[in-house]
Amino acid sequence: MKALQYRTIGSPPEVVTVPDPEPGPGQVLLKVTAAGVCHSDIAVMEWPAEGFPYELPLTLGHEGVGTVAALGDGVTGLAEGDAVAVYGPWGCGTCAKCAEGKENYCLRADELGIHPPGLGRPGSMAEYLLIDDPRHLVPLDGLDPVAAVPLTDAGLTPYHAIKKSLPKLGPGSTAVVIGTGGLGHVAIQLLRALTSARVIALDVSEDKLRLAREVGAHETVLSDAGAVEAVREITGPIGAQAVFDFVGVAPTVKTAAGVAGVEADVTLVGIGGAPLPVGFGLTPFEVSVSAPYWGSRSELMEVLALARAGAVSVHTETYSLDDAPLAYQRLHDGKVNGRAVILPNG
Ligand code: NAD
Ligand code: ZN
Ligand code: ZN
């Protein structure tokens with residue numbers, strides 16, 4: 001089968017032919033209908049050789065939906081042809097966090113060498129994808145594969161972040177979204193669907209801000225040196241009650257802290273890795289800062305339910321598997337508005 005692989009540190013991903021996978025006992029083979037392109041893959045492909053955590057070559061793609069193509073021995077509850085979404089952050093399935101459905105925070109994944117598809121084991125940018133356990137699959141139940149696939153990460157990750165801050169986002173509150181790309185433009189819709197907060201969106205280009213307004217942002221602000229002042233002009237002295245930074249670099253983290261009000265949540269979702277100094281006098285009183293990872297299995301079910309209810313709709317552009325390197329190039333260059341989706345069998 002064809003697969004998009006990251007093969008050489010520092011080089012773009014390549015379309016290659018690899019052996020067709022076959023499901024072993026307990027496994028499920030999916031025929032991939034759609035695979036989402038996440039900015040985290042670009043970060044991975046920019047990491048240096050020293051300390052690179054995954055084996056190469058690596059088939060990319062940690063957002064996937066497909067139809068069941070074959071069942072390994074002993075698998076029940078699924079049938080060939082079932083349309084499913086893949087829950088990506090696999091865990092051991094039995095530790096205290098996995099028992100809560102929070103496999104994204106599995107206590108034993110590192111020790112047991114368990115990786116998400118596309119981030120350490122073969123991912124969804126291939127004609128077929130091997131799933132280790134049927135519990136990682138959630139029925140699509142009528143959702144369109146292209147519209148649904150980004151929900152497995154670009155939907156689930158902001159959903160998890162926003163859900164934690166819901167108590168702070170009552171009437172009269174303000175939520176700030178920094179970076180309105182794949183994750184951010186879904187975050188705006190989730191905030192509008194789940195809260196009565198005023199949503200202020202920040203990005204570096206007018207194109208991105210236009211999409212932000214289209215999907216429900218009340219106000220948009222250019223993310224530059226004057227951003228804190230511009231946001232504070234809108235909120236007044238109370239500031240924002242929740243700030244979601246989908247970039248995480250030094251200037252955005254500074255903006256995030258600068259627009260936060262007392263008792264606000266500042267959530268650093270972008271993996272830019274810039275530190276945010278927290279301390280008395282450094283941040284407004286009682287600000288909570290967190291850096292979450294992905295979301296739980298039940299939260300994925302909730303996000304898909306929201307999509308079925310018409311509350312979230314991802315803006316997508318589609319590519320064949322052969323054109324997948326182009327999709328990564330365009331995302332790298334800031335040219336994708338919404339989410340790029342690869343159709344490996346399209
Ligand atoms: P994306 O490229 O689609 O979106 C990023 C957006 O940020 C773009 O619209 C870009 O114009 C904007 N941006 C860049 N610099 C900016 C700045 N200085 N100020 C304001 N906006 C700026 O990327 P994505 O796929 O949505 O991913 C967003 C981030 O989230 C990435 O860092 C990604 O690695 C990370 N991520 C984290 C998790 C997690 O679990 N924590 C999960 C998925 C993705
Ligand atoms: Zn991702
Ligand atoms: Zn576990």
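Only this structure's heavy atoms are used, side chains among them; waters, hydrogens and symmetry mates stay out. Whatever order the structure lists ligands and atoms in, that order sets their numbers, starting from 1.
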Verify the ring-centre separation between W294 and H62: is it less than 6.0 angstrom? yes

Protein contact to atom 3 (O) of ligand 1 [nearest heavy atom, distance to 0.1 Å]: G182 N, 2.8 Å

Any N/O/S of H39 under 2.8 Å from the Zn ion (ligand 2)? no

Using a distance-only test with no angle check, is there a side-chain donor-acceptor pair under 3.5 angstrom linking Y128 and D20? no

Please determine, by modelled atom types, if T220 and R213 share a side-chain donor-acceptor pair under 3.5 angstrom. yes

Please state whether the rings of H115 and Y54 are parallel, tilted or perpendicular, taking 30° and 60° as the class boundaries. perpendicular

Once rounded to 10 degrees, what value does the angle at the Zn ion (ligand 3) take between SG (C98) and SG (C92)? 120°

How are the rings of H315 and H185 set to each other: parallel, tilted or perpendicular (split at 30° and 60°)? perpendicular

With a 4.0 Å heavy-atom cut-off (strictly under), which part of D153 contacts ligand 1: side chain, backbone, both or neither? side chain

D153 near the Zn ion (ligand 2) via N/O/S, less than 2.8 Å: yes

Which residue holds the protein heavy atom closest to atom 10 (C) of ligand 1, what is that atom called, and what is the gap in Å? D203 OD1, 3.5 Å

re atom 1 (P) of ligand 1, the protein heavy-atom contact at minimum distance is H39 ND1, 3.6 Å

Which residue owns the protein heavy atom closest to atom 39 (C) of ligand 1, what's the atom, and how far is it? T157 CG2, 3.6 Å

Can you report which non-hydrogen protein atom sits closest to atom 34 (O) of ligand 1, along with the distance? S40 OG, 2.7 Å

To the nearest 0.1 Å, how far is atom 15 (N) of ligand 1 from its closest protein heavy atom, and which atom is that? V247 CG1, 3.8 Å

Ionic contact status for E317 with R330, cut-off 4.0 Å: yes

Residue portion contacting ligand 1 (non-hydrogen atoms closer than 4.0 Å) for T255: neither

Determine whether the side chain, the backbone, both or neither of A154 has a heavy atom under 4.0 Å from any heavy atom of ligand 1. neither

Classify the ring geometry between Y105 and H160 as parallel (under 30°), tilted (30 to 60°) or perpendicular (over 60°). perpendicular

salt_bridge(K335, D207) N-O dist < 4.0 Å: no

T252 and ligand 1 - part of the residue with a heavy-atom distance under 4.0 Å: side chain

